[in-house]
There are 2 protein chains.
Amino acid sequence: MTKPKYKIIADHVRDKVVSKQWLEGDRIPSETELSELFLASRMTARKAVEQLVAEGLLERSPSIGTFVKAPKAQSSLLEIKNIRDEILERGHEHKVVVLSKNSLVPNDKVALELSSWDVKVYKVVILHFENNTPIQLEERYVNASFVPEFLDQDFTKKTSSEYLNKVAPLSEAKMMVEAIMPSKILSHHLNLNENVPCLKITRTTFSSHTPISICYLYYPADKYRVTSHLLI
Amino acid sequence: MTKPKYKIIADHVRDKVVSKQWLEGDRIPSETELSELFLASRMTARKAVEQLVAEGLLERSPSIGTFVKAPKAQSSLLEIKNIRDEILERGHEHKVVVLSKNSLVPNDKVALELSSWDVKVYKVVILHFENNTPIQLEERYVNASFVPEFLDQDFTKKTSSEYLNKVAPLSEAKMMVEAIMPSKILSHHLNLNENVPCLKITRTTFSSHTPISICYLYYPADKYRVTSHLLI
DNA sequence: GCACTATACTGGTATATACAACAAATATCT
DNA sequence: AGATATTTGTTGTATATACCAGTATAGTGC
């Protein structure tokens with residue numbers, strides 16, 4: 001299970017970019033330099049760079065170099081923002097309680113979305129608090145073969161979606177918004193009064209055309225809403 | 001300006017796929033076969049295939065082959081579609097009942113969104129049926145100075161959003177999705193059972209940066225949901 | 001007929017090499 | 001000093017080669 005060399009290089013470069021050690025517009029080492037740094041051939045270094053260009057992190061200019069690309073403006077429609085950033089942007093405090101971590105064989109519905117019948121799936125249930133008020137219950141299933149170390153993460157330090165976006169950058173997402181009446185257990189976790197509905201968001205995220213994760217997000221309807229802004 | 005060989009190969013294969021000469025699930029020629037067909041090296045043929053895999057047209061299975069991938073379901077991104085088209089697309093019947101038409105001075109909330117304190121506002125309330133089941137209650141406020149003839153329209157023939165899009169083409173939209181418990185009157189119109197929540201969509205539409213209309217759309221939660229598909 | 005083995009084929013990784021097109025820096029000439 | 005030519009560095013394309021790890025098929029032995 002040794003990681004291919006081009007992936008090692010790609011991971012290393014991606015880390016430099018997402019950790020902001022290399023900033024937007026910076027020129028990264030040339031393909032030849034990368035190949036020397038990692039004791040690989042130019043073709044291998046090139047393959048790593050190609051992958052990151054496809055992910056949208058880098059941008060090439062022939063005869064000049066490869067540069068860190070500006071992040072997508074991407075405020076737009078029903079954006080995929082992680083709950084922590086959202087809460088911090090409102091100037092509030094974010095707290096997390098991990099309710100469960102499991103490795104399991106997916107049920108049909110989850111397996112269908114992750115198109116992974118033969119593989120394991122990881123499941124986590126996490127409760128998010130905004131200023132000590134429960135704001136989101138996150139029930140997340142992750143394709144274990146693509147993110148093998150998912151369960152080892154400490155989600156109190158980095159949210160699950162932050163981690164996923166790091167190891168398998170988001171390329172595509174499907175969302176569904178429903179209104180439901182909460183089950184008793186859900187009502188308990190979200191500390192809901194009687195007769196308060198929930199917003200249920202089902203979100204499937206893809207990385208390079210592969211479904212990585214499906215999550216069910218439950219919000220108290222009296223404290224949360226989804227917005228989008230669409231330019232035509 | 002000669003096209004690189006790998007692009008020629010990729011274009012050729014892509015054409016086979018989109019023209020349905022090669023169908024979903026079909027195995028395409030192996031990399032070696034492609035290289036022989038196009039008098040190229042395997043690496044070049046491989047690069048063509050890699051590109052098409054990245055585009056999502058093909059799918060690889062190590063030791064087995066490369067296959068034509070199932071096309072993406074492709075609902076579009078939280079599109080602003082009008083309810084009639086939506087229902088007709090599902091192959092169902094659409095019926096409309098206009099509950100009220102008014103001309104009034106806007107309350108603060110509506111006026112703020114339409115940024116029209118000094119002008120009149122038109123209001124319509126319309127109930128939409130899908131196969132004789134109430135599916136949407138539309139409460140719409142329109143900036144009267146921009147759409148003076150709004151109230152004269154027959155909304156059973158053309159929906160309000162169709163008409164608006166014709167006289168003031170949509171350039172921008174803001175949406176908000178919430179879950180609410182219906183009021184008694186709403187529950188009655190939507191023919192809801194007890195304890196069924198509603199999806200409330202608040203949508204403000206703009207034409208050339210001017211807010212034209214704000215509408216509140218109420219849906220029975222057990223019969224409706226909002227989806228979006230986001231490509232990054 | 002059945003089980004096992006060998007072979008051929010597939011995509012995945014990795015390298016070495018070569019040349020083209022272009023840009024920027026450097027050196028050279030006038 | 002200024003214009004021109006050369007060199008160097010960069011990405012882009014293309015090939016030949018090698019080996020690995022799987023799968024599928026054909027062949028072999030029983």
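First the proteins, then the strands, lettered A, B, ... as listed; each starts at 1. Please read all numbers here as calculations on a predicted model, not as lab measurements.
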Under 4.0 angstrom between [X] side-chain N/O and [N] OP1 or OP2:
X	N	value
B/T66	C/dG11	yes
A/Y6	C/dT13	yes
B/R46	C/dG11	no

- [ ] Test B/R60 against B/E31 for salt bridge (Lys or Arg N to Asp or Glu O under 4.0 Å), laying out the working first.
- [x] CA-CA 11 Å; B/R60 305 176 116 147; B/E31 296 172 354; 2.6 Å; yes
Task: Parallel, tilted or perpendicular, as decided by the 30° and 60° cut-offs, for the rings of B/Y224 and B/Y219 - done: parallel
- [ ] Take the angle between the ring planes of B/H94 and B/H128 and call it parallel below 30°, perpendicular above 60°, tilted in between.
- [x] parallel
Open item on the list: Measuring centre to centre across the rings, with the benzene-like ring taken for any Trp, is A/H189 within less than 6.0 Å of A/Y218?
Closed with: no
- [ ] Could you tell me whether A/Y122 and A/F146 have their ring centroids closer than 6.0 angstrom?
- [x] no
Give the rounded distance in Å between these two atoms: [atom1] of [X] and [atom2] of [N].
X	N	atom1	atom2	value
B/R60	C/dC9	CZ	P	19 Å
B/L58	C/dT10	CG	P	16 Å
A/K47	C/dG11	NZ	P	13 Å

Task: Sugar-phosphate only, base, or nothing, as touched by B/I28 at under 4.0 Å among non-hydrogen atoms - done: nothing
TODO: Identify, between A/A45 and B/S61, the residue whose nearest nucleotide on DNA chain C lies closer to the 5' end.
DONE: B/S61
- [ ] Go through the steps for B/R46 and B/E50 under the test salt bridge (Lys or Arg N to Asp or Glu O under 4.0 Å), then give the verdict.
- [x] CA-CA 6 Å; B/R46 181 176 172 74; B/E50 259 168 7; 3.7 Å; yes
Any donor-acceptor pair under 3.5 Å from [X] side chain to [Y] backbone:
X	Y	value
A/Q51	A/K47	no
A/S213	A/Y141	yes
B/N131	B/T133	no
A/K5	A/S41	no

Open item on the list: Taking the cut-offs as 6.0 angstrom to the six-membered ring centre and 45 degrees off its axis, would you call A/K95 and A/F129 a cation-pi pair?
Closed with: yes
- [ ] Name the residue closer to the 5' end of DNA chain D, choosing between A/G65 and B/A40 according to the nucleotide with the nearest heavy atom.
- [x] A/G65
Closest approach of [X] and [Y], non-hydrogen atoms and distance?
X	Y	result
A/F67	A/I64	CZ-CG2, 3.7 Å
A/N102	A/L151	O-CD1, 3.5 Å
A/R140	A/L164	NH1-CD1, 3.4 Å

Just the atom pairs and distances: protein N or O near nucleotides 6-8 of chain C's N or O, under 3.5 Å.
none

Open item on the list: With the threshold set at under 4.0 Å for non-hydrogen atoms, list the residues of residues 7-16 of chain B touching DNA chain C in residue-number order.
Closed with: none
TODO: Please list, in 5' to 3' order, the outermost nucleotides of DNA chain D lying under 4.0 Å from any heavy atom of chain A.
DONE: D/dG9 to D/dA14
TODO: Go through the structure and list residues passing side chain to side chain donor-acceptor pair (under 3.5 Å) with A/S19, not counting sequence neighbours.
DONE: A/Q21
- [ ] Have a look at the helix from C/dG1-D/dC30 to C/dT30-D/dA1 and give the angle its two end axes make, five pairs each, rounded to 10 degrees.
- [x] 30°
Listing time: all N or O pairs from protein to nucleotides 17-26 of chain C that are below 3.5 Å?
from	atom 1	to	atom 2	distance (Å)
C/dC22	O2	A/S63	OG	3.3

- [ ] Determine, step by step, whether A/E139 and A/K200 satisfy the salt bridge (Lys or Arg N to Asp or Glu O under 4.0 Å) criterion, reporting the C-alpha distance in whole Å, the side-chain angles of both residues, the deciding distance to 0.1 Å, and the verdict.
- [x] CA-CA 11 Å; A/E139 177 185 350; A/K200 175 184 179 182; over 6 Å; no
